[in-house]
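The next block holds one structure in the form of structure tokens; read it before the comments.
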Amino acid sequence: MEVVPSVYGNRFPPIFCLTSTRTIKNYPPAIAISPVATAANPTSTTTHSEIQNGPIYATGRSGKSLSVSSTIRQSAMLDIQQSTDLTSALSRSGEVLKAQDFNVILRHFGKSNRWKDISQLFDWMQHYGKTNIASYSSYMKFMGRRLNPLTVLEIYNSIKDKSIRNSVSICNSVLNCLVKSGKFDSSLKLFNQMKQDGLMPDIVTYSTLLVGCAKVKDGYTKALELVQEIKSSGLHLDSITYGTLISVCASNNRCEEAENYFEQIKSEGHAPNVFHYSSLLNAYAIDGNYRKADELIREMKSAGVELNKVILTTLLKVYVKGGLFDRSRELLVELQRLGYAGDEMPYCLLMDGLAKSGKLKEARLVFDEMKQNEVRNDGYSYSIMISALCRSGFLEDAKQLACEFEAKYDKYDVVILNTMLCAYCRTGEMENVMKMMKKMDESAISPDWNTFHILIKYFSKEKLYLLAFRTMEDMHRKGHEPEEDLCSSLIYYLGKTGAHTEAFSVYNMLRYSKKTTCKALHEKILHILVAGGLLKDAYVVVKDNAKFLSRAALRKFSTSFMKRGNMNLINDVLKSIHGSGYKIDQEIFHMAISRYIQQPDKNALLLHLLQWMPGQGYAVDSSTRSLILKHSHLFGRELIMELLSKQYMVLKTNKSREGKTK
DNA sequence: GTAGGGTTAG
């Protein structure tokens, strides 16, 4: 395959080299624009209240000049909001404005989805110290998922004022950004750090973190821990937190617990709201419990809670999961009638359910109908159809749909790209695979766990083991943990093709991941390392995992090490395998001692070995003994005789012990 | 004059 080296070049850079989303701007020095040093420079002696409220005007100013100042500020704000050239508007009108004025503009940009302007304005505000607590929270809120979590952390860490850093709304916003971008573990770590630094978390902090529990394995346990923490810190679960908890239960297959929380709301004298209902409904979707779902809908009707788009869409999910495809279709028609079928979601639910119960043709019909209905397309429906076609082996059809999506929509996210990658990998079209990877890189879409898995599997299938290895390295660097089976097979193939070092590298990725590795893997890598002559690495494996290794493998390793391993480590190796309970046999001692004799400058090591042996119940056999005696002049004859006689005593006691046991 | 949290899809 020619394509691979040409795409990667010879140096094998990281598979995906995403460009940083945040650029450092070179603004003129603050002092040149703003003469007000306190407002311009946040690292100066500015107090918290000044940062929050802007420079405090001297008392005694007339009401008139205040209103003049407010008029000037109003027009400056308008200038910036309406300007088509933000840079010049800021240098023209920015000086007179305070942090809260900029926050108004920030929100204005936010409401009109002017992402680029929000970023530029916020950069400017940061540079001139015109930020307060609300600025940070608003910025993160309006940028939402557009913000790279690393950028968010950078911003957070740039806040030097402790009272601002510890402010609960800023902390909540930062945690929210991390949770929304799937970095739940990082958010928990940061949360603990924040608490140590002095954050007093409130119920919003906890419900922010609870959202993350819905997306991770074992999230329910973590949620319980958080609930415990809420209670022990004297806070109370509020309506939103209950809603989050129910949704955590739903996404962790805890239907009964979801019901319990729902009942708890009622027993505390509150009426469940539409969020609570939709989350509980979603819990019923897990096993398609349409009876309970129908009952819940009746309850909603009598309670006067509106059956909104989310509720009806979730109900559709329940019907689909319950296999009630006719009722699902009826409900879809109802959604269309109500104007609730403007985006793909309900179609996706139905298509996916049909495809997964083997009704691929019917799924395709829904897909075609959706396309006729001018539904907004975000690529989900294509993902579903393409992967359904792939699963059933209709690779050509899958490829065709992928091409259709490329031609019709130039909009990609990680899922559609993964799906298309998968389709092209299955049909073995390297050129298209590379095209998708380039697209991912260009659109700054970070590859996820799935992307890496698809690629590594594909490269392995094409016998491009080194490329698979580089991809796995990249995956590891990006913090994704590959599945053990995938590693294990890659280790096998790398070993088989002589890439012993690379095989060991994959082994180490697994070993130092959080998961515990399968015991057989240690033996597998040991064989590869011994075969590749990487005896020092092999020794590391043996030292750490001797208890998982078979006697045969240990023997093979020791034999090789005695023959070719580093002489300075021979005694360590012998002690280490003895320490693991392996009885060293005479042949091994003979090999070790022969090596020492060949190299008289290592005589200290030989003497050390001979000294060590009797203490562990070992003694050299007669052939090794005569070998030593033959060369004893090299080591000091007297000392050697003394050591050998000590060993002889051991030999005698061993023999007499053996005799007694017989 | 001010900020932060919840429901559905691959």
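All chains are named by letter (A, B, ...) in the order of the sequence lines, taking the proteins before the strands, and each is independently numbered beginning at 1.
When only modelled atom types and interatomic distance are considered, T419(A) and S387(A) share no side-chain donor-acceptor pair under 3.5 Å. Remark: the N418(A) side chain and the T451(A) side chain contain an N/O donor-acceptor pair separated by less than 3.5 Å.
For the pair I159(A) CD1 and dA3(B) P, the computed distance is 17 Å after rounding to whole Å.
Residue D352(A) is classed as a sugar-phosphate contact, given heavy-atom separations below 4.0 Å to backbone atoms only. If you check every strand for non-hydrogen atoms under 4.0 Å, V168(A) touches a base. At a threshold of 4.0 angstrom between heavy atoms, the contacts of N273(A) include nucleobase atoms, whether or not backbone atoms are also involved.
With hydrogens and angles ignored, no donor-acceptor pair under 3.5 angstrom links the side chain of S137(A) to the base of dA3(B).
At least one test fails for R107(A) against the ring of F142(A): distance under 6.0 Å to the centre or angle within 45° of the axis.
For the segment residues 236-252 of chain A, the set of residues with a heavy atom within less than 4.0 Å of an atom of DNA chain B comprises D238(A), S239(A), I240(A), T241(A), T244(A), S247(A), in numerical order. In the region residues 277-286 of chain A, proximity to DNA chain B at under 4.0 angstrom, judged on heavy atoms, holds for S278(A), S279(A), N282(A). Taken residue by residue, residues 327-351 of chain A places heavy atoms nearer than 4.0 Å to DNA chain B at M345(A), L349(A). Contacts with DNA chain B (heavy atom under 4.0 Å) in residues 355-382 of chain A: Y380(A), listed by number. Within a heavy-atom distance below 4.0 Å of DNA chain B, the residues of residues 303-319 of chain A found are V310(A), T313(A), T314(A), K317(A).
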Validation: residues 364-371 of chain A side-chain donor-acceptor distances under 3.5 Å, sequence neighbours left out:
| residue | atom | partner | partner atom | Å |
| --- | --- | --- | --- | --- |
| E369(A) | OE2 | Q336(A) | NE2 | 3.2 |
| K371(A) | NZ | E404(A) | OE2 | 2.6 |

